[in-house]
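We count ligands from 1, going down the list as the structure has it; atoms in each ligand are counted the same way. We count residues from 1, following the sequence as given. Remember, predicted model here, so these are calculated numbers, not experimental data.
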Amino acid sequence: MLYLVRMDVNIPLDMTEERANTIKAEEREYSQKLQRDGRWAHLWRVVGEYSNYSVFDVVDNDELHMLLSGLPLFPYMDIKVTPLAKHPSTAE
Ligand SMILES: O=C(O)CC1=CCC(=O)O1
């Protein structure tokens, strides 16, 4: 199943820069592993915001939830998930 996911990142102002950089590096490693195995199919920055739109290609809701809740930045994100269905006008 395909899911469009918007992630808005809100790092607390009182988090040290060192801690924030560590979590961002962990996030990068985590996301690149999923991009390489094909489950994180797209990752796009929203212009002018600390947000991204991503497309995940996973088996079901439970797998997506497991992956999203494992994000190192998960405690500092607002996440909106939109399940995608095939459009009837999609050309074969
Ligand atoms: O910077 C972001 O939008 C959060 C994020 C998702 C994957 C990643 O490496 O950073």
Which N or O atoms of ligand 1 sit under 3.5 Å from a protein N or O, and how far apart is each pair?
residue: ligand 1; atom: 1 (O); partner: Arg45; partner atom: NH1; Å: 3.3
residue: ligand 1; atom: 1 (O); partner: Arg45; partner atom: NH2; Å: 2.8
residue: ligand 1; atom: 3 (O); partner: Arg45; partner atom: NH1; Å: 2.7
residue: ligand 1; atom: 3 (O); partner: Asn52; partner atom: ND2; Å: 2.8
residue: ligand 1; atom: 9 (O); partner: Ser31; partner atom: OG; Å: 3.3

Under a 4.0 Å threshold between the charged nitrogen and the carboxylate oxygen, would Lys80 count as salt-bridged to Asp78? no
- prompt: Does Glu17 pair with Lys24 as a salt bridge, N-O distance under 4.0 Å?
  reply: no
task: Check step by step if side-chain contact (heavy atoms from CB on, under 4.5 Å) holds for Tyr76 and Ile23.
output: CA-CA 10 Å; Tyr76 313 109; Ile23 299 175; 3.8 Å; yes
I'd like to know if Glu92 and Lys86 make a salt bridge, using a cut-off of under 4.0 Å between side-chain N and carboxylate O. yes
Those residues at least two apart in sequence (or on a different chain) that pass ring pair (Phe, Tyr, Trp, His ring centres under 6.0 Å) with Phe56 are Trp40
Tyr30, Leu73: one ILVMFWY side-chain cluster at the under-4.5 Å cut-off?
-> yes
